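Chain A is the first sequence line, chain B the second, and so forth, proteins listed ahead of strands; every chain is numbered from 1. This one's a predicted model, so the numbers in the text were calculated from it and none came from an experiment.
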Amino acid sequence: MLSGGHLLSVLIFFPVVGALALMMLRGDDHKFIRSIAMLVSVAEFLFSLMLLRGVPIGSSGYQLEEFAKWIPAPPIHYHLGVDGISMFLVLLTTFLTPISVWASWNSIQKRVKEFFVMLLLLEVGVVGVFFALDMFLFFLFWELMLIPMAFLIGIWGHERRVYAAVKFVLYTMAGSILMLVGIIWLYNATGTFDLPTIQQMLANGQLVLEPRTEMLLFLAFFVAFAIKVPVFPLHTWLPDAHVEAPTAGSVMLAGVLLKLGAYGMIRFCLPLFPEASHRAARWVAVLAIIGIIYGALVSMVQPNLKKLVAYSSVSHLGFVVLGIFAFHHISMQGAVFQMLAHGISTGALFLLVGMLYDRRHTFEISEFGGLSTPVPKLAAFFLFVALSSLGLPMLNGFVGEFLILLGTYQRHWGWAAWAALGVILSACYLLWSYQRVFFGDVTLEKNRALPDASLRENWILATMAVVILWMGIGSPFITRRTAAATQTVMDQAEPQWAYEATARANAKPHAKTVSLHAAPTIRVERLAVR
Amino acid sequence: MTTPLLVFFILAGLAVIGAVSLILQKHPIHSALSLIVVMVALAGLYLLMGAEFVAAVQIIVYGGAIMVLFVFVIMLLNAGVEERTSLSKMAGPPGLLLVTALAAFVAATIAKSGATVQAAAQTGALSSTKGISEMVFKDFVYPFELTSFLILVAILGATVLAQREKS
Amino acid sequence: MVPTNYYVILSAILFGLGVFAFIFKRNVITIFMSIELMLNAVNLAFVAFSQALGKLDGQVFVLFVIVVAAAEAAVGLGIIILIARNRQTLNVERVDLLKL
Amino acid sequence: MFPQAIDLHRVLPELIWCAFGVLVMFLQPFVRSRQFFTFLALLGSLAGTVAAASAFVHGGPGFAGLVQSDSFTFFFRLLVGSVSFLVVLAAGPYLDREKLPIAEFYALLFFATAGMGVLASAQELLTGFIGLEMSSISSYVLAGYRRDSLKSSESAMKYFLLGSFATAFFLYGIALVYGATGTTLLDKMALTDDTSTLLKLGLALILIGLGFKVAAAPFQVWTPDVYEGAPTPVTALFSAGPKAAAFALLLRIFATVPAATKYWFWAFWVLAALTMFAGNLGALVQTNMKRLLAYSSIAHAGYILVAFAAVTSMAQGGSEEAAPAYAAVLFYLLSYALVKLGAFTVVSQLGGAGEKNLSIDDYAGLSQRQPFVAAMLSIYLLSLLGLPVTAGFFGKFYIFKAAVNSHLISLAVLMAINSVIGAYYYLRVIVVMYMREPSAEAAAGSVPFPIGVNAVLLITFVGTILFGLYPNPVINFILRPTLLAH
Amino acid sequence: MPEQPMLHYLWIVPLLPLLGAAVNGLFGAKWPNKYVTATAITSTGLSFLCALEAVREFFLSGQALFRKEFFTWIAAGNFRAGFDLQMDQLTVVMVLVVTGVGWLIHIYSIGYMAHEGGYYRFFSYLNLFMFFMLILVLAANYALLFVGWEGVGLSSYLLIGFWFLKKSAADAGKKAFIVNRIGDFGFMLGMFLLFRTFGSLDFAQIFAKADLWPKEAMGHLGTLTIACLLLFMGATGKSAQLPLYVWLPDAMEGPTPVSALIHAATMVTAGVYVVARSHVLFTHSPTAMLVVAIVGCATAFFAATIGLVQTDIKKVLAYSTVSQLGYMFLACGVGAFSAGIFHLMTHAFFKALLFLAAGSVIHALGGEQEMPKMGGLGKKIRWTYATMLIATLAIAGIPPFAGFFSKDAILFASFQSKAGGRVLYAVGLLAAVLTAFYMFRLIFLTFNGKPRYDEKKVHVHESPWSMLGPLVVLAILSLVGGWFALPAFYGGPDYFANFLGPVFGARETVEAGAEAAAHQLELILSGVAVVAALIGLAVAYWLYIKNPRKADDVAKSMKPAYTTLLNKYYVDELYAAAVVRPLVWLSTNVFWKAADVAGIDGTVNGIAHGASAIGDGVRHSQSGNTRSYAVWVVAGAIIVLAVIFFWPSASKIAVGLVR
C-alpha cells in the first residue's frame with residue numbers, strides 16, 4: 001500500500017514546522033519573521049515541484065500513496081495520495097503562498113508573527129485537503145483550514161472584518177457539518193472511510209445505493225462544496241469575505257479555497273454518487289449558468305473594485321461547475337484548468353487591487369480614475385491580468401473557458417450557448433472598470449502623485465504575468481498530466497457503468513442495498529408494538 | 001366497613017387536611033404545625049400497617065427532631081406572615097393547571113395500576129424490628145455507612161453556611 | 001384489611017399536594033416543608049409496598065429517606081438562614097438577582 | 001452476610017475520599033497552613049484515583065450487588081477523581097484570593113467526589129440515591145460557599161430548593177419501581193416482567209429526577225443561575241462532575257433494565273432536541289461569560305442525550321451495536337469535562353477579586369494582554385465547537401456516528417444545525433479576544449496566573465489535543481464489550 | 001537546411017513583429033524615438049521580406065498547399081489546437097497585403113506620429129497588431145485563427161484607445177472590443193459546432209469531410225447552415241456589417257494610420273477572409289450564402305447612405321469602408337469568392353491610401369477633421385490631392401483604376417446569381433452611385449472651392465516625404481492593382497481568379513463554362529457601372545462645385561431624412577436605449593440591490609436575527625424566580641410522562657417529524 005517516500009506528509013507538515021518555528025521567534029523583529037516565512041513557503045514550493053516527477057503522465061489512480069493506521073474504531077486511516085488533479089491544485093497552493101507572503105511584506109504591520117503563522121497553517125489545511133484519501137481525514141483538514149482563514153480576515157481585515165469572518169465560518173460550517181453526517185452515513189453503509197475502498201465497492205457492486213438515499217447523500221456533500229465554490233444562491237459570503245480580507249487573504253481565498261469546493265465535487269460527488277450526479281446535473285448546470293451571467297452582471301455594476309473582482313469569481317467558478325457537471329471529458333479537463341487559471345489571474349487581480357489600496361486606502365472606483373498617468377506600470381499589469389481573466393487567447397483564462405464551453409457544447413449545446421454569454425459580459429465588466437480606474441484624466445488631485453510599482457511589486461506581478469502567459473501557451477504541460485485523472489473520474493461517473501454495477505449487485509445476494517428510511521420505520525413499528 | 005378501613009380513612013383524611021392546611025396557612029408556624037399533623041397521621045398509618053419501628057422513627061426523628069428544627073428556625077428568623085407576592089407569571093394559572101394535571105395523572109395511573117400491587121400476597125403484618133436491624137447492618141451496611149458521612153456533610157455544611165462572619 | 005392501593009393513592013395525593021405547596025407557597029421555609037411533605041408521601045409508599053410485598057427492605061429505605069431528610073433539613077435551614085441574613089427576606093420571589 | 005474485605009476493596013475509592021474528607025475536617029482546627037490542605041487534597045484525590053485502579057483490577061459486584069466495580073465504574077471514578085484533582089488545583093488560588101476558609105471546601109469537595117463515585121458504581125437504586133444526595137448536598141453548600149455574596153447564596157438556595165424538589169420525584173420513582181418489581185437491585189429488576197404501568201410511571205419519575213440533575217430541557221432552568229452564582233471553581237465542578245455521575249447512573253439503569261430502554265427512547269429524543277435548542281439559543285444572547293458557558297453546557301448535555309437516544313434506540317442496551325453509542329457518551333463526557341474545567345478555570349482567574357470581570361467585553365484584546373491564556377481559552381472554545389484536532393471534535397463525531405448508526409438522521413441533522421448555532425457564540429468570544437481592541441482599564445494590567453492554575457490549563461490543554469489526535473487508548477478501553485458487567 | 005527554408009520556418013514571419021512589439025513595449029519607454037522607429041520598421045520590414053521569400057518558395061513548389069504544425073497549444077481529449085501555419089494562394093494574397101500595406105503604414109506613421117506622446121507605445125501596439133493579423137491569415141485551424149481574431153481585436157482596442165486621456169477614445173476602444181466580443185460569441189459557438197460535427201478544427205480535415213456532405217436545400221437549417229451563420233456572426237462583428245457595424249465609425253478616434261491599417265486595409269477584412277476561407281462550408285449552404293449576400297448588400301447601401309451627409313472626413317471614409325466591406329460580403333454571398341478577395345485587395349490599396357491622404361490633410365491643417373472647415377486645399381498640397389484623387393477614382397469605380405475591375409466583377413457575379421440576383425445587383429449598383437457621390441463630395445469639399453478655414457491661423461503645409469512616399473506607392477497600386485484581374489473580354493486572362501482557382505476551385509470552373517455567353521452581358525454591365533459612377537460624380541460636381549448653395553437647400557428641403565442620416569439612423573441611441581441602459585439598470589437595482597443584497601443576503605442575516613430573537617425569548621423564560629423554575633420542572637415532568645405514556649398516539653406525530 002505504501003509506495004514512494006513520504007513526500008506528501010512532508011508537504012503537509014513542513015509548513016507546520018515553519019509555523020512553530022515562527023511562534024518561537026520574538027515578535028518584534030518583523031524583517032526576520034518575514035524572511036523566515038518567505039523561506040519556508042518557497043522551500044515548500046520547491047518540495048512540491050517534486051510531485052511532477054512523482055506523478056508520471058498518463059498514470060491513472062493515486063500516486064505516492066501513504067497509509068498508516070490511525071484510529072481503530074471507527075477505522076480511520078492516515079491515507080494520502082495524489083493524482084493529476086490534486087497535484088496541480090497543490091502546486092497552485094504552494095505557489096500562491098509565497099506570493100502572498102511577498103505581497104504582505106509591507107502591508108501587514110500589526111501582529112506580523114501571527115499573520116504569517118496563520119498563512120502557513122492555512123497552507124497546511126489546504127494541502128491536506130488535496131492529499132487526503134480518507135474521508136475523515138479530508139473533513140478534518142477541511143475544517144482545520146477554516147480557522148486560520150477566519151483569523152486572517154478577522155484580525156488583519158478592513159472595516160467590517162469581524163462580520164465577514166464570522167459569516168465565512170458559519171456559512172462554511174453549515175455546509176460541512178451536513179457533509180460530516182453524510183460521510184458518517186456513508187461509513188455506516190460501507191464500514192470504511194477510505195475513499196479508494198468505497199470506490200472499489202461501488203465498482204464491483206458490493207455497495208449499491210438506493211436512488212433516494214444516493215440523492216440525499218449527494219446533496220449532503222454537494223451543498224458543502226457548493227457553499228465553498230460558491231454556487232449561485234449560496235455565494236453571499238464571498239463578497240464580504242473578499243472585500244474585508246487583507247490582500248494575502250483574498251489571494252488565498254480566491255486562489256485556493258474556492259477551488260476546494262470544485263475539487264470536492266470532482267473527487268467525491270461524481271465518483272461516489274454517479275447516478276445522483278447525473279440526475280442533478282441539469283439543476284446544477286442551471287445554477288452554474290445563473291451564476292455565470294448573474295455574477296458577471298452584478299460585478300459589472302459594483303462601485304467597489306474589490307467587490308467587483310469578488311463577484312467575477314462567482315462568474316468564473318460558474319464555468320468550472322458547469323464544466324464538471326457537463327460530464328464531458330474535455331469540459332472536465334477545462335474545469336480543472338480553469339481552476340488553476342482562475343487561481344492565478346484572480347489572485348493577480350487581488351494583488352493589484354491590494355496595491356492600489358496600499359496607495360489610496362480605498363476600493364471605491366470613484367476614488368480612482370486616470371491612474372495610468374501616475375502608475376503606468378500597474379496599469380499595464382492590470383490590463384494584462386484583466387485580459388487573461390476575460391479569456392484572451394494565448395493567456396491562461398482562455399484555455400479553461402474554451403475547453404469547458406467546447407466540451408459542454410458536445411453534450412448540451414444550449415448550456416454552452418448560455419454560458420458563452422459570460423464571455424461577452426466578462427469583457428464588459430473588466431474593460432469598463434479598467435477604463436473607469438485607469439483611463440481619462442486624473443480625476444482626483446491626490447492621485448496625481450501616487451508612486452508607481454515598487455521593485456518588489458514589479459517582481460510579484462512579473463512572476464504572475466509569466467505564469468499567466470506560460471499557462472496560456474503551454475497548456476498541454478498541464479492538460480497532459482491531468483488527462484488520466486479526469487478520465488478516471490469520468491469513467492467512475494458514467495451512469496451505464498453504475499447500471500452494470502446494479503445488475504451485478506442483483507446477481508450477488510450479499511450486496512447490501514442501503515436506505516435511510518427503511519430502518520427507522522421498522523424501529524418505530526417495534527416501539528409501537530411493544 | 002371494617003375497623004382498620006375506618007381508621008385508615010380517618011388518618012388519611014387527617015393527613016390530607018394537614019397537607020391542605022399547610023398550603024392554606026399564612027404563617028409559617030401554622031404550616032409547620034399542620035405538617036406535624038400530617039406526620040403524626042402517617043405514623044398512625046404505619047402502625048396500622050404494622051410497621052411500628054418506622055412509626056416510632058417517624059415520630060421521634062421527623063416530629064421530634066426535624067420539625068423542631070423547623071420551628072426553631074422560624075422563631076430564630078422570626079418569620080412573619082408570608083407576603084403573597086405573585087411576581088412569577090409561570091406560577092400563576094399555567095402553574096396551577098400543570099400541577100393539577102401532574103398530580104391527577106400520577107394518582108390516576110397508580111389507581112389504575114392498583115391491581116398489580118394487590119396481586120402481591122398480603123403476608124399480614126411483618127413487624128420484626130430485629131429483621132430491619134439485621135438488614136441495615138448486613139445487606140444495606142454500605143448505604144448505611146454512607147448515610148453517616150451524609151450526616152457529616154450536613155453538619156459541616158450547616159456550620160460553613162450559618163457560622164457568623166469572623167471579622 | 002386495607003388494600004395497599006389505598007395507601008399508595010393516598011401517598012400520591014400527598015405527593016401532589018407537596019408539589020402544589022412547593023409552587024404556591026412564597027416563604028422559603030414553607031416551601032422546604034412542602035419538600036418534607038413529598039418525602040413523607042414517598043415513605044408512605046415505601047412502607048405500603050414493603051408490607052404488600054412482605055419484604056422488610058422497604059422499611060429500611062424509609063429509614064434512609066428519613067436520614068437524608070434530616071441531612072437536607074440541616075443544610076437547607078442553614079441556607080435559609082444565610083438567605084435571610086443576606087436579603088432580610090424569606091420570600092423566594094424577592095430572591096431573583098440571578099436571571100436572564 | 002457481613003461485608004467481606006473484597007467488598008470494601010471494590011468501593012475503596014469512595015472510602016478513601018470520605019476518609020480524606022474526615023481527615024481534613026479533623027486537622028482543620030490544628031493546621032493553619034493553607035498549602036498543607038491543598039497538598040492533602042491533591043494527595044487524597046490522587047489516592048482515590050489510584051484506588052479506583054486497584055478496585056478495577058479486583059472488579060466485580062460488591063455488597064451483594066449493591067455496587068458494581070467494572071470498567072464503566074472505573075472510567076467514571078477516574079473521571080470524577082481527576083476532575084476533583086483539577087478543581088483542587090484551580091480552587092486553591094481562588095480561595096486565597098477570595099479569602100475563604102479552605103479546609104471545609106476540600107472536605108466538601110471530597111464528600112461530593114465520593115458521592116459521585118457511589119453514583120457511578122451503584123447498581124442499586126437506593127445506594128444510588130444516597131450517592132446522589134451526598135454529592136448534591138455538598139454541592140448545595142459549595143454553591144453558597146461565598147457566604148457574603150448575594151449571588152452565591154441565592155444560587156445555593158435555588159439549587160437546594162429545586163434540587164431537593166427533583167430528588168423527591170426521583171425518590172418517588174424509586175418507590176414505585178420498588179412497588180412494581182419488589183426490588184431496587186437493577187439486575188434483579190431486569191428479570192421481572194416490565195409490563196406494569198407502575199414500573200413505567202416509576203421509571204418516568206426516575207428519568208425526571210435524573211433529567212434535572214443533567215440539566216435536560218425543560219429542567220435546565222436552574223443551571224444558568226446556579227452556575228453564575230456559584231464560586232467559579234465550584235461551577236467548574238458542577239459542569240463536569242455531578243453531571244457526569246448522573247449520566248453514569250442513567251446509563252447504568254437502562255443498560256441493565258430492558259424496560260428503561262423500552263420506555264425511554266422517545267423521551268430522550270424529545271429531551272435531546274429541546275435541550276440542544278434551549279442551550280444554544282439561550283447562549284446566543286449572553287454577555288456574561290459564566291452564563292454563556294452554563295448555557296453551552298446545557299447544549300452539550302443535549303448532544304449527549306442524542307447519544308442516549310441512539311443507545312436506547314438500539315435493540316438492547318449494552319448489546320454489541322449499542323457499544324459505540326456508549327463509547328460516544330463516555331468519550332464525550334471526558335472531552336467535555338476537560339474543556340469545561342479549563343474554560344471555567346480561565347474565567348475564574350480572569351474574574352479577579354470578587355469575580356468582577358465576567359462580562360465578555362472584559363475579554364476584549366485578551367490576545368495581546370495574555371496571549372497564552374487567550375490561546376488556551378480559544379482551544380477550549382474550539383473544542384466545544386467541535387473543531388478537529390480537539391477532543392471535542394471526536395466527541396461530536398462519535399455522537400453523530402451513533403445517531404446515524406441508529407438511523408436517527410433527523411436528530412443528527414438537528415444536532416448539526418445546533419452545532420452551527422453554537423459556533424456563532426463560541427466564535428464571538430474568540431473574536432472579542434483576538435479582533436477587538438481592549439477597553440482602556442482592561443488594557444492596563446494582566447491578571448497573574450499562579451502555577452496551580454497554569455497546571456490546570458496545561459493538563460486540560462494537553463488532554464484536549466491528545467485525545468483530539470489520538471483517542472485510541474480511551475476508545476479501545478470504553479469499547480470493550482465487558483464495559484458493563486451485570 | 002530543408003529546401004523551402006522560409007516555409008519551414010514560417011513562424012518567423014509573425015514572430016518578427018511580435019519581437020518588435022515586445023522590445024518596444026519593454027524598453028521603448030526609455031529610448032529615443034529613432035531607436036523605437038528602427039525596431040518597428042526593421043521588424044515589420046523583415047517580416048515583409050520573409051513573407052515575400054516564403055511566397056517565392058511557395059510558387060517554386062508549384063503552388064502546392066503548404067501546411068506545418070509547429071507546436072501544440074491546447075490539447076484535451078480528442079481536441080487539439082496546434083500552432084499550425086499554412087500557405088496557399090489565399091494566404092499569399094492576405095500575407096502580402098498585410099505585411100506590405102502594414103509596412104508602408106509603419107513608414108507613414110513615423111512622420112505622422114513624430115510629435116505624439118507615447119510614440120513607443122504606438123509602435124509596439126502596431127507591431128502587436130501585425131503579429132496577430134499574420135497569425136490570423138496564416139493559421140491552419142480555426143482555433144489558431146481565433147487567436148489572431150481576438151488578438152487583432154485587442155490591438156485595435158489598444159490603438160483606438162491610444163489617446164486614452166480622451167474619454168471618447170477610451171469609450172470607442174471599449175465599444176469596439178465588446179461589439180467584437182458579441183460577434184466572437186457566435187464565432188466560438190460556430191467552432192464548437194464544427195468540432196462536434198467534424199471532430200476537429202483543422203481546415204484541411206473539416207473541408208475534406210464537409211466536401212462529401214450533400215448541399216443543404218435553400219431555407220433548410222442544417223448543421224452546416226447553422227455553423228456558417230454562426231461563423232458569419234463573428235464576421236459581421238469583425239468586419240462591421242449590419243447590425244454590428246456600430247463600432248467602426250467610433251474607431252476613428254484612433255490615430256489615422258491606425259484607421260488606415262486596421263480599420264480599412266486589414267483587420268476589418270478578416271471577416272471576409274474567414275467567409276472566403278470557409279467557402280467549402282458556405283457553398284454547401286445556399287441559405288447561409290443568401291444571408292451573407294443580403295447582409296453584405298444591405299450594409300453596402302445602408303452605410304453609403306450615411307456616408308452621404310457626414311462632415312468629418314474620417315467618418316465619411318469609415319462609412320465607405322463599411323459599405324465596401326458590404327460589397328465583399330455580397331461577392332462571397334453570391335459565390336464569387338475570388339472577386340470578393342480581389343476587392344479586398346484593391347480596397348486595401350485605395351482605402352489605405354484614402355485614409356493616409358486624409359491623414360495628410362488633417363496633418364496639414366493641424367488636426368482639423370471637419371470638411372466644412374476645409375476647401376481649396378488642392379493647390380496647397382498637390383501630392384496629397386493627386387494621390388487622393390486617384391484613390392477616389394479607384395473607389396468610385398472609374399476605369400482603369402483598380403476599384404472598377406473588382407466592383408465590376410462583384411456586380412456581375414451578383415447579377416448572375418440565381419437567388420434574387422437582380423435585386424442584389426440593383427441595390428449594389430445604387431450603392432455604387434452613392435459611393436461615387438460621397439467620395440467626390442469629399443474631394444470637392446476638401447480640395448476645391450474657397451478655403452473655409454482661417455488662413456491666418458492655420459498654416460497649411462505639405463507632409464514630409466516619409467508620409468508622401470507611401471501615398472505614392474499606394475496610388476500606383478490602386479491604379480495598376482486591378483489589372484491582375486483584367487476580365488477575359490478585354491482579352492486578358494483573369495489572372496487573379498485563376499490564381500485563386502485551386503482554393504475556390506469548383507465554383508470558378510462553372511463560371512468558365514458560362515464564359516462565352518457571359519461576355520456580352522459583362523460588357524454591358526460594366527458600362528452600366530461606369531455610367532452609375534459618373535452619375536454620382538456629376539451630381540456631386542453639380543452640388544458642390546457649380547452652385548455650392550444648392551447642397552444646403554437640398555438638405556433643408558428634406559430635413560427629416562437629412563437629420564436621420566446625419567445621426568446614422570439613431571442606431572447607437574437605439575442600442576443604448578434597448579440594451580445597454582436596461583442591462584445596467586437591471587443589474588444594479590434588480591440583481592445586485594434587490595436579489596443579492598436584500599434577497600439572498602437578507603435571508604441569511606434574517607435567519608441569524610431570528611435565531612437570536614428566539615434566544616432572547618429563551619433568555620426571558622429565565623425570570624430568576626424560583627417558583628417559575630419549579631413550574632418549568634413540572635412542565636418537563638408532564639412532557640416526559642406524556643411522551644412515555646401516550647406514545648402510540650404521539651409517535652405518529654413524532655414519526656411525522658422524523659420523516
Sorted by chain and number, sequence neighbours left out, ring pair (Phe, Tyr, Trp, His ring centres under 6.0 Å) with C:Phe64 holds for none
Contacts of D:Phe129 that satisfy ring pair (Phe, Tyr, Trp, His ring centres under 6.0 Å) - sequence neighbours left out: none
In terms of relative ring orientation, are D:Phe165 and C:Phe22 parallel, tilted or perpendicular, with 30° and 60° separating the classes? parallel
Does C:Asn86 reach the main-chain N or O of D:Ser153 with its side chain, forming a donor-acceptor pair under 3.5 Å? no
Below 4.5 Å from any heavy atom of chain D, which atoms of C:Val19 appear? Answer side chain, backbone, both or neither. both
At a 4.5 Å cut-off on heavy atoms, which part of D:Tyr295 comes close to chain C: side chain, backbone, both, or neither? side chain
With a 4.5 angstrom heavy-atom cut-off, could you sort out which part of C:Ser34 is near chain D: side chain, backbone, both or neither? neither
Any donor-acceptor pair under 3.5 Å linking the side chain of D:Tyr178 with the backbone of C:Phe49? no
Side chain, backbone, both or neither: which part of C:Phe15 has an atom under 4.5 Å from a heavy atom of chain D? side chain
Given heavy-atom pairs under 4.5 angstrom as the criterion, report whether the side chain, backbone, both or neither of C:Ala12 touches chain D. both
Heavy-atom proximity to chain D below 4.5 Å, by part of C:Leu82: side chain
Out of C:Ile31, C:Val92, C:Asp96, which one racks up the most heavy-atom pairs below 4.5 Å with chain D? C:Asp96
Is there a donor-acceptor pair closer than 3.5 Å between any side-chain N or O of D:Glu154 and the backbone N or O of C:Leu97? yes
Quick check for you: among C:Ile83, C:Leu39, C:Val28, which has the greatest number of heavy-atom pairs under 4.5 Å with chain D? C:Ile83
Heavy-atom contact with chain C under 4.5 Å, split by part of D:Leu126: side chain
